[in-house]
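Presented below is the structure to which this report refers.
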Amino acid sequence: MYKFEGNINNIFIISSKSIFFILTQTEEGTFNTMEYNFADIEGRAKEKWAKEKVYKVSNESNKEKFYILDMFPYPSGAGLHVGHPLGYIASDIYARYKRLKGYNVLHPMGFDAFGLPAEQYALETGQHPAVTTEKNIKRYREQLDHIGFCYDWDRQVQTSDPKYYKWTQWIFLQLFNSWYDRTENKTKPINVLIDFFIKEGNKNHPCPDNDLLLFDDTTWANYTEKEKRDTLMQYRIAYQGYAEVWWCQNLGTVLANDEVVNGVSERGGFPVEKKNMRQWFLRITEYAERLLNSLDKLEWSEAMKEMQRNWIGKSNGMEIKFQIAFNNETEFDENIQIENLDNNNIEKKIVTKNTPEIKVFTTRPDTIMGVDFMVLAPEHELLAAITTNEHKSDLNDYIQYVKSRSERERISDVKQITGCFTGNYVIHPLTHKKIPVWVSEYVLAGYGTGAIMGVPCGDDRDHAFAKFFKIPITNIFGIKYTGEKAYSEKTGTINNSGILDGMSIQEAGIAAMKALSKVGQKKTNYKLRDAGFSRQRYWGEPFPIIYHDGIPYGIDEIAEIIPQNNKSETDFSLPVELPMVKQYKPGPDGQGPLANITDWVNTDYGTRETNTMPGYAGSSWYFLRYMDPNNSHVFADRKATDYWQQVDLYVGGTEHAVGHLLYSRMWTKALYDLGHIGFEEPFKKLLNQGMIQGKSFFTDSFYAFEEETNEKVLFLISHGRAINFEKPFVWNDKKYKKSPGSNEFRLRNAHFFVDAKGRLTKTSFKDLILFEGAKESEVDYLLNLVIWNGKTEDDEWYILCNSEIEKMSKSKHNVVTPDDIVNDFGADTFRMYEMFLGPIEMSKPWDTKGIEGVHRFLKKFWRQFFDEQKGWVINNEAPTNEELRVLHKTIKKNW
RNA sequence: GCCCCGAUGGCGGAAUUGGUAGACGCGCCAGACUCAAAAUCUGGUAUUCGCAAGGAUGUGCAGGUUCGAUUCCUGUUCGGGGCACCA
């Protein structure tokens, strides 16, 4: 028994790369062993932290603030694996470092608790998502506590908690009640816009949804309530529009992209198709320029900024109108109704002779004389109207085909060229030649105008299209274009182009814009699309929206328009709580499960919106809630947000590069514009940790038939050796004949059992199949189906495995959890090993075997202070000059 | 397909500004201690030729810039992440 009288509180090991914190933060105490007893040390520390709330953070402090945040996890049923804590450990070390440097450090943790997997699990097992989510969070919390983080758990947020999503809904209403003033580049309350409409109509504030919409003050005054609200809807930041979703008839539900695999539903393998549905959107496109420009101010990696830039996808070009060339008058039906991919929901538009033109967007007006055809997106609104009768049935077949294709497939299958001729033509604005109009899946409705001018000699995709459909190609690049491959570089001169002849590409661009000024205009286009904000699901935030006379109102407005004398029994205040249900089956017509709960849907003053919000709703603003997590009057007190400001360091994976990070940035800007917070970028500095990958093991396997019984048996064999069994063979006194071919066989969880040389011995194989749930009685039978490769030094049979590095995930059965590591080696060893694996930003495979070295290091380190013979060897004497010299040399060397 | 990132011994990686490639750790080999084992300590360990001294080769591949390239440039291959409803 040794008495510890030292007063060391924090021991740091400082190296040039990382700072490791040793949990040894302890008061006077005794250690009952001279060995490095991590369980004892860490146990005491954690007890003390919890008891004394050591890491409680106050918003009242004279210290300088520092906000360090991890991307909060989705609490999945699989629990944390060793990959998750990598970033958490790094940020934890930095948080402790900053705290010791004298900062008031906000370092919270919470849970992104709404999501599809919980609902999916509920569908399969009948367990309510709230129950499983609670269970998972408890487990995550235990796991996190094991690792010894310095979070202030009193600030934990959970997106599925009504106290939290009350404010998610409140922010949604702010966005619903706002519009974007382009003249000032600012989000403003919708009332400001209404005032403009009353005074002058919309002449100074063109409609973002429809640039043709124009009305004056009198027209506005004469609009019905519905017309007014419909018009305002086209301006709101949170608005309703139409979008396509994957629809699965057999399951009667809408599927996420994730749930559609190889063109069929993941569950059940049923056919799926695109369906157009009324949806909520966030008008993020209005913020495109600001989102792009303020990237420059952020301390993010260039790669990450580049990804956001590409996602926003700004391109300068020109929008050009092409007249439709009707073959004869009868082919243009004055009253034809537009039929699109889905005609149920689309507002019917009438095409008349007053709108007989098609707009295209191009970044290369210099190539205008090389236009040989035009391609429309299959969703293009004029498509049905311009297609000649002769081509109608081909077109319908083609559109049917496109419905089954994902957007990804449509743009990435460059080898497979598909399309359909409409039979119609447009007139080239300069040459007045007839240009054939085609339709093809590679043109997307959501980008530009949903139509392109095909310039085969200058664009690879157009070139392939022209070659495939044998459309004659005009060469405007002279010898630069060989006839084999499009010339897409931006150097050289333009030929064969009339007035543009002999000009450089740049000069021709300017000249062409001038020549086309009557039929076109300069235009900046963004690839960024408005963000779909509806999900036909149960486990998400309900919308605080009520339909009254078919018009959507925010529940804050409903409360106002209810006549005073008409006392409503419905509670029209926030939050709109997610009702408890027993069933998670989809509602009718692709609606979410909420549509089935008629009691909830029908209120005294209209029906509720039955969609729920998407996963990113809660995560778009959670960093604000940590600042003032228990406030029931406001999402976070202005004093708190003014004190903590931006997140100084945000740590998380690159997989969120565009989704979450972009949406958060937009919400922050909107809240800033509306005066709710004092800063307009959420995350000042961003650190992307790499992924820790898992190692999966495989053997070969093949089927063979026993000669007498014709019984089909699966054999496992060392990797690459199946080929040796092409001839009939004898195994355990029975004759077998191998069926042709062999397959890779995934050995689930074999990473726990395979030796360093990739061998799985008979003993460890037995352990593996028992671990995987085999019964003792089956073991011998199963072991008999393994064709051993040879014997180890210890005279044991083994089979040779092949390994692959892949994502660590439950579905791949290669997960290593931190719990086992922490139990065996302690949190300090685990933390240090994770930091020791390599650069934080890089992906690297997990290998439990390497952990021994780090553990030995900590043991050695412990012995520096605790001698076997003398016991505790530190004291409070002043260091000698020699000792100081060594200390400072070491610091200098390592820092 | 497009965008971003990466590739160095048996393994994770180091070399941060273009200047001795392989720090540190794992694994492996040998030795010390021990009746023995564990733990601990010491030494060796890129490949290849050589008894040795020593030589040659070597940072995915092919080129280029440079007195000099793991580092900069071009092309290419492979792996990872994202591509708008997984989170």
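In what follows, every chain begins at residue 1, and chains take the letters A, B, ... in the order their sequences are listed. Below, all heavy atoms of this structure are taken into account, side chains as well, without hydrogens, waters or symmetry copies.
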Roughly how far apart, to the nearest Å, are [N] and [M] at atom [atom1]?
N      : M      : atom1 : value
B:rU20 : B:rA69 : C1'   : 14 Å
B:rU8  : B:rU71 : P     : 13 Å
B:rA21 : B:rG60 : P     : 16 Å
B:rG9  : B:rG25 : C1'   : 14 Å
B:rC85 : B:rU17 : C1'   : 47 Å
B:rC2  : B:rU70 : C1'   : 29 Å
B:rU47 : B:rU40 : P     : 26 Å
B:rC67 : B:rU76 : P     : 28 Å

How would you label the contact of [X] with the nucleic acid (heavy atoms, under 4.0 Å): base, sugar-phosphate, or nothing?
X        : answer
A:Asp847 : nothing
A:Arg537 : nothing
A:Pro839 : sugar-phosphate
A:Gly615 : nothing
A:Ser534 : base
A:Ala657 : nothing
A:His660 : nothing
A:Trp311 : base
A:Gln536 : base
A:Leu528 : base
A:Lys415 : nothing
A:Gln416 : nothing

- Between A:Gly838 and A:Lys527, just flag the one whose closest nucleotide in RNA chain B comes earlier from the 5' side. A:Gly838

- Note on the structure: Between A:Asn310 and A:Lys844, the residue closer to the 5' end of RNA chain B by nearest nucleotide is A:Asn310

Starting at atom [atom1] of [X], determine the distance to atom [atom2] of [N], rounded to an integer number of angstrom.
X        : N      : atom1 : atom2 : value
A:Met842 : B:rA15 : CE    : C1'   : 13 Å
A:Leu858 : B:rG25 : CG    : C1'   : 13 Å
A:Lys859 : B:rA39 : NZ    : C1'   : 7 Å
A:Glu655 : B:rC5  : CD    : C1'   : 13 Å
A:Tyr121 : B:rA87 : OH    : C1'   : 19 Å
A:Glu834 : B:rG13 : CD    : P     : 13 Å
A:His84  : B:rC86 : NE2   : P     : 17 Å
A:Glu119 : B:rA87 : CD    : P     : 10 Å

My understanding is that a pair needs two contacts under 3.5 Å, Watson-Crick or G-U wobble. By that rule, which nucleotide pairs with [N]?
N      : result
B:rU20 : none
B:rC33 : none
B:rA14 : none
B:rG58 : none
B:rA38 : none
B:rG63 : B:rC73
B:rA53 : none
B:rC78 : B:rG6

- Are A:Lys490 and A:Arg364 close enough, and set up right, to give a side-chain contact (heavy atoms from CB on, under 4.5 Å), and what steps lead you there? CA-CA 10 Å; A:Lys490 289 180 183 164; A:Arg364 295 287 305 273; 4.1 Å; yes

For the side chain of [X], counting heavy atoms from C-beta on, which of [options] is nearest?
X        : options                : value
A:Ser412 : B:rG6, B:rG1, B:rA87   : B:rG1
A:Leu837 : B:rC86, B:rG12, B:rA87 : B:rG12
A:Glu306 : B:rC4, B:rC85, B:rG12  : B:rC4
A:Tyr74  : B:rC86, B:rA87, B:rC41 : B:rA87
A:Ile411 : B:rC26, B:rC86, B:rG1  : B:rG1
A:Glu407 : B:rA84, B:rC86, B:rC85 : B:rA84
A:Asn257 : B:rA84, B:rC24, B:rA87 : B:rA84
A:Phe836 : B:rC4, B:rG1, B:rC24   : B:rC24
A:Arg408 : B:rA84, B:rC41, B:rG12 : B:rA84

- Test: A:Lys859 and A:Glu852 ion pair at under 4.0 Å: no

- Task: Please determine if A:Glu407 and A:Arg529 form a salt bridge, counting it only when a charged side-chain N lies under 4.0 Å from a carboxylate O.
- Result: yes

- Compare side-chain N and O positions of A:Arg535 against OP1 and OP2 of B:rC86 and report whether any pair is under 4.0 Å apart. no

- Query: Does A:Arg529 have a side-chain nitrogen or oxygen under 4.0 Å from the phosphate oxygens OP1 or OP2 of B:rA84?
  - Reply: no

State whether a side-chain donor-acceptor pair under 3.5 Å links [X] with [Y].
X        : Y        : result
A:Gln693 : A:Ser843 : no
A:Trp300 : A:Gln308 : no
A:Ser619 : A:Tyr74  : no

- Conformer about C1'-N of B:rG9 - syn within 90° of 0, anti elsewhere: syn

- Query: Between A:Leu251 and A:Phe270, is any pair of side-chain heavy atoms under 4.5 Å apart?
  - Reply: yes

- Query: Can we call the ring centroids of A:Tyr442 and A:Phe465 under 6.0 Å apart?
  - Reply: yes

- Taking the six-membered ring for Trp, is the centroid-to-centroid distance between A:Phe114 and A:Tyr165 below 6.0 Å? yes

- Under the 6.0 Å and 45° cation-pi test, does A:Lys274 pair with A:Trp247? no

